[in-house]
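Written below as structure tokens is the structure these notes are about.
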Amino acid sequence: MEIKNRKSFNNLIKSLTKEILDEEDLDEITGTSGTPGYNTPRAFGKMDKKRKKNIEKQTGYKFVNEALDEKDLKQISKLIRVVVGDIIRDIWLKRTAWNK
């Protein structure tokens with residue numbers, strides 16, 4: 001197959017990738033591929049809108065906002081209380097069993 005330009009090359013890569021990934025169910029993907037943090041010095045820095053758009057256009061993926069809101073924090077706090085309570089109850093039950 002002859003590749004005439006960059007656009008046709010990108011389309012070829014996308015079609016081949018889609019063909020491979022159709023066999024597996026893929027919900028998320030990461031672009032870091034296990035790269036150590038020191039190789040990505042601006043990985044978590046702020047980006048301007050133009051740079052984000054350019055990256056989204058090149059990769060075909062969208063940036064997501066993963067900020068926690070008040071509802072999430074309440075749910076996490078509740079879950080922590082339940083788990084810690086279960087741990088304390090288990091310790092108390094084992095401790096009382098040892099004293100018998």
Q: Give a yes or no on whether Val64 and Leu68 share a hydrophobic cluster (residues Ile, Leu, Val, Met, Phe, Trp, Tyr; joining criterion: side-chain heavy atoms under 4.5 Å apart).
A: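 No; Leu68 is not reachable from Val64 via cluster members.
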Q: Look at the side-chain heavy atoms of Ile, Leu, Val, Met, Phe, Trp and Tyr, link any pair under 4.5 Å apart, and say whether Ile76 and Val84 land in one connected group.
A: yes
As an exercise, state the distance from [atom1] of [X] to [atom2] of [Y], rounded to the nearest 0.5 Å.
| X | Y | atom1 | atom2 | value |
| --- | --- | --- | --- | --- |
| Ile91 | Thr96 | CD1 | OG1 | 12.0 Å |
| Lys62 | Lys53 | NZ | NZ | 8.5 Å |
| Glu56 | Tyr61 | CD | OH | 12.5 Å |

**Q.** Side chains of Asp69 and Leu73 in contact at under 4.5 Å (non-hydrogen atoms)
**A.** no
Q) Ion pair present between Asp48 and Arg51, side-chain N to carboxylate O less than 4.0 angstrom? A) no
